[in-house]
2 protein chains.
Amino acid sequence: MGKILSIGALATLTGCKVVTIRYYEQIGMLPEPGRSAGGHRVYDRHHLERLRFIRRARELGFPLKTVRGLLALSERADDAPCAEVDRMAATRLREVRAKIADLRALEATLERLLKQCGHTTLDECRILDAFRGEPVDAGV
Amino acid sequence: MGKILSIGALATLTGCKVVTIRYYEQIGMLPEPGRSAGGHRVYDRHHLERLRFIRRARELGFPLKTVRGLLALSERADDAPCAEVDRMAATRLREVRAKIADLRALEATLERLLKQCGHTTLDECRILDAFRGEPVDAGV
DNA sequence: ATAGGACCTCTAGCTGCTATAGGTTCAAGG
DNA sequence: CCTTGAACCTATAGCAGCTAGAGGTCCTAT
C-alpha cells in the first residue's frame, strides 16, 4: 500500500537520525521526496527501502561511496554477473581483518603497559616512561 | 648537545609528516619553535621529545585531547599518584576491546554473506538480498 | 484557539589530518 | 659568487560522515 511517511517516522523505522536523512538527501544518496502543502518532506515505501539498504551497508562499514555502487547494482538487478558485489564485500572483509589485527596489537601493548604500572607516582610512572623513552616498536 | 633541527629533519626522526607538525603547532600541541633568519622553523631536543611522545600516544589511538592530558601529567612528573594515567590507559583499552568485538561481528557477517554468494547474477545475488530484505540483525 | 512537538533552512563544527596554490629560503655544485 | 632545485613558508579549502545550533514555520491534539 502507498503508506506515507514523515521524516520522523522514516527515522524511527530505519534507526537513522532525522538530520542524517536530510544529509543523505543533500549528498544525493536519497532522492528528493515529495512535500506536504506546508513544505514537510513526504516519503514512501521506496524511500524506506532505499534508506534501509543504505543503513545496512553502512552498519557493515561500507563507505558511502561504495554504498552508492551497491545501490546502483541492486537497482540494475539484471543477469549481469554479481562478481563486483562479491569483490566489494571481499575488500571490506580484508579491511575489517586488517583493522582487527591492528587493534589486537594495540590491545597487547596497552595490556602490557597497564601490567607494568606500579600504581605509584607520576615521576616514576612506567606508562609515561613508555611514551617518553627512546624509539621502540609499540607492538610485540 | 643542543642540536638544531629543521622541520624536515624532525619529520624524519619522528615519522610525522611536515604538514602534521605544523598542524600540531597550530592547535597548540607543540610549542612554537624558534625561527631562522629567513623564517624557517628551528627545533631543538625538547620539541623532538615532545613530538615523539605525541606520536607514540597517537599510535596507541589516544585522541589528541587525551594526549594533551598525558603530556601535562608527564611534564608535572611530581609525586602525585599516577592513577589518572592508569585510568586513561584503561579507558583506551576498553575502547579497543569494544572495537575489536564490533569488528569481529562484522567479520562474521561478511564471511557469511560471502559464503552464501552463489557467484551468479545480479538479480539473484544473495549479498544484495541481504541489504534489501526485511530488517534482520546484521550480527550473529 | 493554542500549546508544544515536529518540522523547515542555513551555517558552522567535529577529528585529524591532507592537499593545493603561490611564493621564499637554503645548501650544494660549478 | 651565482645558480638551481629541494625544502621551506603562509593561507585556504577539502576529506568522511555526520552533528549541533539558531531562528523560524507547521501540524495536531486538546
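These numbers come from the heavy atoms of this one structure, side chains and all, not from hydrogens, waters or symmetry mates. In what follows, every chain begins at residue 1, and chains take the letters A, B, ... in the order their sequences are listed.
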Is a side-chain N or O of [X] found less than 3.5 angstrom from the main chain of [Y], in a donor-acceptor match?
X      : Y      : answer
T91(B) : R87(B) : yes
R56(A) : L60(A) : no
R50(B) : L30(B) : no

Salt-bridge test for [X] and [Y]: reply yes if a basic N is under 4.0 Å from a carboxylate O, no otherwise.
X       : Y      : answer
R92(A)  : E95(A) : yes
E111(A) : R97(B) : yes
E25(B)  : R41(B) : yes

Would you kindly say whether R132(A) and S74(B) are connected by a side-chain donor-acceptor distance under 3.5 Å?
yes

Between atom CZ of R52(B) and atom CZ of F131(A), what is the distance when rounded to the nearest 0.5 Å?
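Reported to 0.5 Å precision, the distance equals 15.0 Å.
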
Taking only N and O in the side chain of [X], is any of them less than 4.0 Å away from OP1 or OP2 of [N]?
X      : N       : answer
S6(B)  : dC26(C) : no
T20(B) : dT18(C) : yes
Y24(A) : dC18(D) : yes
R22(B) : dC17(C) : no
K17(B) : dC17(C) : no
R35(A) : dT9(C)  : yes
R41(A) : dC7(C)  : no
R55(B) : dG16(C) : no

Atom pair distance, as rounded to whole Å: [atom1] in [X] and [atom2] in [N]:
X      : N       : atom1 : atom2 : value
Q26(B) : dG16(C) : CD    : P     : 15 Å
L51(A) : dC18(D) : CG    : P     : 11 Å
L10(A) : dA6(C)  : CG    : C1'   : 14 Å
L30(B) : dG16(C) : CG    : P     : 15 Å
E25(A) : dC18(D) : CD    : P     : 15 Å
E59(B) : dG16(C) : CD    : P     : 14 Å
F62(A) : dA16(D) : CZ    : P     : 17 Å
Y23(B) : dA13(D) : OH    : P     : 17 Å

Give me the residues of residues 66-74 of chain A where at least one heavy atom lies under 4.0 Å from an atom of DNA chain C, by number, or none.
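Close to the strand, none.
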
For I27(A), report the nucleic acid contact type (base, sugar-phosphate, nothing); a contact means any heavy atom under 4.0 Å.
nothing

Is there a side-chain contact between I100(A) and R104(B) (heavy atoms, below 4.5 Å)?
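Yes, side chains in contact.
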
Do you reckon V42(A) sits in the same ILVMFWY cluster as L48(A), going by side-chain contacts under 4.5 Å, direct or chained?
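No; tracing contacts between hydrophobic side chains, which count when under 4.5 Å, never links both residues.
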
Measure all distances between protein nitrogen or oxygen atoms and nitrogen or oxygen atoms of nucleotides 25-27 of chain D, and list the pairs falling under 3.5 Å.
from: dC27(D); atom 1: OP1; to: S36(A); atom 2: OG; distance (Å): 3.4
from: dC27(D); atom 1: OP1; to: G38(A); atom 2: N; distance (Å): 3.1

